S.K.: 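What follows is a structure written as structure tokens; I'll ask about it next.
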Amino acid sequence: VLAICASNGRDEEAEAYFQQMKNEGLSANEFHYSSLLNAYAEKGKYEQAEKLVDEMKSSGVVPNKVVLNSLMKVYVKSGYFGKAKKVLAELNNSGHISNEVPYCTVMHGLAKAGKIEEAEKVFNEMKAKGIKSDGYSYSVMISSYSKNGNFEKVKKLAKEMESIQVNYDLAMMNTLLKAYSRVGDMECVIQTLKKMDKLKISPNWITFSTLISYFCEEKLYDLALHTLEDMQIKGHQPT
RNA sequence: AAACCGCUUA
């Protein structure tokens with residue numbers, strides 16, 4: 001049954017099996033709960049998810065961090081940020097937070113909803129807790145700020161990010177590049193590119209198209225063309 | 001064993 005739930009995982013089938021289990025008086029373990037909860041999370045059925053968590057608590061199953069994490073995801077998805085933050089606090093108190101991921105989930109949700117100040121609060125809280133930040137959180141914040149047009153914040157965060165040791169990767173670089181191009185800071189764009197080169201991070205087509213459109217905006221058509229050629233050399237198709 | 005994050009109107 002375990003295997004069936006997991007591999008069918010995503011759908012109503014899992015729910016059906018779960019019901020069947022209960023009807024037969026079998027006790028569900030946390031594995032069952034989490035896979036089912038995930039199915040709910042996927043569909044944004046937050047009431048169901050909430051009920052499930054209550055149920056599992058009352059039946060003595062301890063919600064592990066995966067479960068709580070999934071629950072948070074549902075809340076964020078449905079716009080219940082207050083509840084999401086409560087779950088987050090719960091995670092905190094029980095010392096279940098091993099990384100920044102849960103914070104990022106909330107932050108991202110807040111940022112997407114345009115509640116950037118809230119997101120920043122979460123962000124600061126995270127830092128205050130001394131949770132190691134490997135750059136994902138910065139990515140989230142930077143891109144939200146650049147979307148919001150808050151360029152000072154973008155720069156500040158970017159600097160801050162550079163001052164700590166972060167694991168740069170492609171998505172990060174793309175985030176930075178996009179943010180810089182929105183700010184229109186050519187210097188930083190170039191610097192970022194150099195850094196990419198140094199770190200042997202190879203650009204993908206998103207990188208290229210970000211660059212090209214930025215260059216075009218800056219009327220640097222030669223550069224844009226050059227970038228385009230580069231792109232083809234690396235085997236990317238221009239679209 | 002399972003879930004989760006950032007470039008996605010790029």
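Small disclaimer: the values here were computed from a predicted structure and weren't measured. Naming: A, B, ... by sequence-line order, numbering from 1 per chain.
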S.K.: Rounded off to whole Å, could you give me the OH-to-C1' distance for the A:Tyr214 and B:A10 pair?
M.R.: 16 Å
S.K.: Is the gap between the ring centers of A:Tyr75 and A:Tyr46 under 6.0 Å?
M.R.: yes
S.K.: For B:U8, does OP1 or OP2 lie under 4.0 Å from any side-chain N or O of A:Lys147?
M.R.: yes
S.K.: Taking the six-membered ring for Trp, are A:His32 and A:Phe18 ring centroids under 6.0 Å apart?
M.R.: no
S.K.: To the nearest angstrom, how far is A:Tyr145 atom OH from B:G6 atom P?
M.R.: 18 Å
S.K.: When the distance from CE of A:Met126 to P of B:C4 is rounded to whole Å, what number comes out?
M.R.: 20 Å
S.K.: Please find out if less than 6.0 Å separates the ring center of A:Tyr145 from that of A:Phe151.
M.R.: no
S.K.: Does a side-chain N or O of A:Lys178 approach OP1 or OP2 of B:C7 to a distance below 4.0 Å, or not?
M.R.: no
S.K.: Taking B:A10 as the reference, what is the distance to B:G6 when you measure between their P atoms (whole Å, please)?
M.R.: 15 Å
S.K.: Of the nucleotides B:A10, B:A2, B:C5, which one has an atom closest to the side chain of A:Val66?
M.R.: B:A2
S.K.: Give a yes/no on whether any side-chain N or O of A:His108 is located under 4.0 angstrom from OP1 or OP2 of B:C5.
M.R.: no
S.K.: Looking only at the side chains, is there a donor atom on one of A:Asn92 and A:Tyr103 sitting less than 3.5 Å from an acceptor on the other?
M.R.: yes
S.K.: Determine whether a donor-acceptor pair (one donor, one acceptor, N or O, separation below 3.5 Å) exists between the side chain of A:Asn64 and the base of B:A3.
M.R.: no
S.K.: Taking the minimum atom-to-atom distance to the side chain of A:Phe31, which one of B:A3, B:A1, B:C5 wins?
M.R.: B:A1
S.K.: Name the nucleic acid region contacted by A:Asn167, choosing base, sugar-phosphate or nothing; use a 4.0 angstrom heavy-atom cut-off, strictly under.
M.R.: nothing
S.K.: What is the distance from CG of A:Leu170 to C1' of B:C7, rounded to the nearest Å?
M.R.: 8 Å
S.K.: List in numerical order all residues of residues 68-89 of chain A for which some heavy atom is under 4.0 Å away from an atom belonging to RNA chain B.
M.R.: A:Asn69, A:Ser70, A:Lys73
S.K.: A:Tyr168 OH to B:C5 C1': how many Å, rounded?
M.R.: 18 Å
S.K.: Choose from B:G6, B:A2, B:A10 the nucleotide whose nearest atom is closest to any side-chain atom of A:Thr210.
M.R.: B:A10
S.K.: Starting at atom NE2 of A:His236, determine the distance to atom P of B:C7, rounded to an integer number of angstrom.
M.R.: 19 Å
S.K.: Does any donor atom in the side chain of A:Thr207 or A:Asn204 lie under 3.5 Å from an acceptor atom in the other side chain?
M.R.: yes
S.K.: Kindly say whether the aromatic ring centers of A:Tyr180 and A:Tyr214 come within a distance under 6.0 Å.
M.R.: no
S.K.: What is the distance from CE of A:Met107 to P of B:C4, rounded to the nearest Å?
M.R.: 18 Å
S.K.: From CD1 of A:Ile142 over to P of B:G6, roughly how many Å is that when rounded to an integer?
M.R.: 15 Å
S.K.: Look at A:Lys57 together with A:Glu90 and state whether they make a salt bridge at an N to O cut-off of under 4.0 Å.
M.R.: yes
S.K.: Check A:Asn69, A:Leu68, A:Leu52 against A:Pro63 for a side chain to side chain contact (heavy atoms under 4.5 Å, CB included) and give me the one that passes.
M.R.: A:Leu68
S.K.: Would you kindly check whether a donor in the side chain of A:Asn174 faces an acceptor in the base of B:G6, or vice versa, at under 3.5 angstrom?
M.R.: no
